[in-house]
Amino acid sequence: MSKDIINDLIYVNPVSKDNRTDVKINEELKNLVKEYPIATPLYEIEFKKAITPIRKYYTELIKNFITSKLNEIISNSKTDKLEEEYQYLYVVAESGIKQYFNFIREHIENNNLTEDLYKSPSRDKKSDEAYVIHFMKYNCIMLFMELQERFKGKAEFEIMELEEIQETYLYEEASKDLVIKPYEGSPIHYTEKIKEDAKAFNPIKGDLEDRRENNKIIKFDDLIAKPDQFVIHEKTLNEYGIIDNEYDFIFKKGNKQLLAAFILQLKNKGYFNEFTFPGRKPIRDSKITDFFAHRYGNNSDTDKEYRNFKGTKALLFKQLVDKTYWLDKIS
């Protein structure tokens, strides 16, 4: 299984094709590492209890995946960010969940996986698949409700009720049973690890003052078309060990390709101006890579890797983006 369980269970390894024995599934179920929320959830699921090994196994997989997504939402909604950053993080999370709604809705429709299929006892594979897909569906709805509540007042969006979510994104009436309800478990104190580094990374929306002056390097304001979003992505570079807290490139295997892919992904998503003014002079790719080599210092020149990604290694660039979450989410 990949890290994206929802995509996996719909398009790659659907439950109906799982031919493992109950003994084998029980063995793997015992080895699953439980994911715990880092703070008290706002909602919980009250769903038909999983009795068979196959249903127990997949519900645990889904719960772990949803909990990891919830933990991202909890971390991203903490009160330590810029207004623009909250808006960006909300839109990214909302888009991801909406995509899951589309996957789930189409899978239910295409395979006629009605809720009636799993509500009666059965050992039929289609019944198991219906059970898992609807458990997945309600967990995604719950995640969407958590997202709205935690970003309420921090980002601009219209809050939707449970019925509206199901009708709008899943094309179905809300269940008569109370599947999603307010959380009633024990409170959980926020447990995210605090960085002990006394000098944490400080995103800088502009040119770096400690870099040597160079008239050949294009200015930050002349190049960067989306400065608020750009510094959020630079913070991600720091979090993933591409640049350190001093904005210096961390030279280790794979980092140069990741940096080159980062720059090209920004280019493809419209983060760079096309011209400088006055004069409307086109901004060449070499000016872009020179800007980053100057900004991130020694060993950060990615001009060769960048040109390869635009040319002979375009497929490699696409593969790298597809398998690297933080690159793929740049929009």
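Residue numbers start at 1 and run along the sequence shown.
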Q | E305 bridged to K313 by N-O distance under 4.0 Å | A | no
Q) If you measure from CG on L259 to CZ on F292, what distance do you get to the nearest 0.5 Å? A) 7.5 Å
Q. Linking I/L/V/M/F/W/Y whenever any side-chain heavy atoms sit under 4.5 Å apart, do I250 and F201 land together?
A. no
Q. Do you know the tightest heavy-atom contact between I243 and N238?
A. O-ND2, 3.1 Å
**Q.** Side-chain donor-acceptor pair present, E46, Y138, cut-off under 3.5 Å
**A.** no
Q. T21 side chain to K24 main-chain N or O, any donor-acceptor pair under 3.5 Å?
A. yes
Q) Taking atom types as modelled, is there a side-chain donor on H107 or E129 under 3.5 Å from an acceptor on the other? A) yes
Q: Look at D18 together with R20 and state whether they make a salt bridge at an N to O cut-off of under 4.0 Å.
A: yes
**Q.** Heavy-atom donor-acceptor pair, D22 side chain to P53 backbone, under 3.5 Å
**A.** no
Q. About how many Å separate CG of N255 and OG1 of T302, when rounded to the nearest 0.5 Å?
A. 12.0 Å
Q: Considering only NZ, NE, NH1 and NH2 on the basic side and carboxylate oxygens on the acidic side, decide whether K56 and E60 come within less than 4.0 Å.
A: no
**Q.** Smallest separation among heavy atoms of H294 and N214, with atom names
**A.** NE2-CB, 4.2 Å
Q. Roughly how far apart are N71 CG and I38 CD1, rounded to 0.5 Å?
A. 4.5 Å
Q. Tell me the salt bridge (charged side-chain N to carboxylate O under 4.0 Å, His left out) pairs involving residues 263-281, sequence neighbours left out?
A. K267-D285
Q: Kindly work out whether a path of hydrophobic side-chain contacts (I/L/V/M/F/W/Y, heavy atoms less than 4.5 Å apart) joins L32 to F65.
A: yes
Q) On the ring face of Y247, is R211 found with NZ or CZ under 6.0 Å from the centre and within 45° of the axis? A) no
(Q) Between I62 and F135, is the side-chain contact (heavy atoms from CB on, under 4.5 Å) condition met? List the steps. (A) CA-CA 8 Å; I62 292 166; F135 182 76; 3.9 Å; yes
Q: May I have the step-by-step check of side-chain contact (heavy atoms from CB on, under 4.5 Å) for Q166 and L162, ending in yes or no?
A: CA-CA 6 Å; Q166 283 196 253; L162 172 61; 4.0 Å; yes
(Q) Show, in sequence, the C-alpha distance, side-chain angles and deciding distance for Y183 and L42, and conclude whether the side-chain contact (heavy atoms from CB on, under 4.5 Å) test is met. (A) CA-CA 5 Å; Y183 179 77; L42 303 175; 5.8 Å; no
(Q) Let me check something: do I97 and Y11 share a hydrophobic cluster, defined by ILVMFWY side-chain heavy atoms less than 4.5 Å apart, either directly or through other members? (A) yes
Q. Do we see a donor-acceptor contact under 3.5 Å between the side chains of S127 and R55?
A. yes
Q.
Pair Q229, I330 - check side-chain contact (heavy atoms from CB on, under 4.5 Å), show working.
A. CA-CA 9 Å; Q229 297 97 316; I330 294 174; over 6 Å; no
Q.
Side chains of Y100 and D4: any donor to acceptor distance under 3.5 Å?
A. yes
Q: Enter the distance from L143:CG to Q148:CD here, rounded to the nearest 0.5 Å.
A: 11.0 Å
Q.
Same cluster or not: Y171 versus M136, using hydrophobic residues (I, L, V, M, F, W, Y) connected whenever any side-chain heavy atoms lie under 4.5 Å apart?
A. no
Q. Cation-pi between K34 and Y36: NZ/CZ under 6.0 Å from ring centre and within 45° of the ring axis?
A. yes
Q: Can you measure from NZ (K69) to CD1 (I74) and round to the nearest 0.5 angstrom?
A: 13.5 Å
(Q) For Y118 and H134, take the angle between the two ring planes, folded into 0 to 90°, and tell me which bin it lands in: parallel under 30, tilted 30 to 60, perpendicular over 60. (A) tilted
Q.
Hydrophobic clustering (ILVMFWY, side-chain heavy atoms < 4.5 Å, transitive) - are I51 and F47 grouped together?
A. no
Q: Specify the closest pair of heavy atoms between E213 and N215, including all atoms of both residues, with the distance to one decimal.
A: OE2-OD1, 3.9 Å
Q) When rounded to the nearest 0.5 angstrom, what is the spacing between CD1 in I283 and CD1 in I288? A) 6.5 Å
**Q.** Flag for D248-N298: side-chain donor and acceptor within less than 3.5 Å
**A.** no
Q.
Tell me whether K205 is salt-bridged to D228, with the criterion being a basic N under 4.0 Å from an acidic carboxylate O.
A. yes
(Q) Any salt bridge linking K181 with E184? Criterion: basic side-chain nitrogen under 4.0 Å from a carboxylate oxygen. (A) yes
Q) Is the centre of the F230 ring less than 6.0 Å from the centre of the F220 ring? A) yes
(Q) Measuring centre to centre across the rings, with the benzene-like ring taken for any Trp, is F101 within less than 6.0 Å of Y169? (A) yes
Q: Please indicate whether E167 has more than 12 foreign heavy atoms, meaning atoms of other residues, nucleotides or ligands, lying under 6.0 Å from its CD.
A: yes
Q) What is the ring orientation for F151 with Y86, classed by angle as parallel under 30°, tilted 30 to 60°, or perpendicular over 60°? A) perpendicular
Q. Of the non-hydrogen atoms in F272 and I263, which two are nearest, and what is the gap between them?
A. CE1-O, 3.5 Å
Q: Verify, without hydrogens or angle tests, whether K30 (side chain) and I25 (backbone) share a donor-acceptor contact under 3.5 angstrom.
A: no
Q: If a pair satisfies salt bridge (charged side-chain N to carboxylate O under 4.0 Å, His left out) and one of its residues is in residues 152-165, list it, with sequence neighbours excluded.
A: E149-K152
Q. Going by the salt bridge (charged side-chain N to carboxylate O under 4.0 Å, His left out) test, which pairs reach into residues 95-110, not counting sequence neighbours?
A. E94-K98
Q | Minimum heavy-atom distance A130-L117, with the two atoms named | A | CB-CB, 3.8 Å
Q) Which heavy-atom pair separates A155 from Y90 by the least distance, and what is that distance? A) CB-CB, 3.9 Å
Q | Residues K119 and E115 bridged, charged N to O under 4.0 Å | A | yes
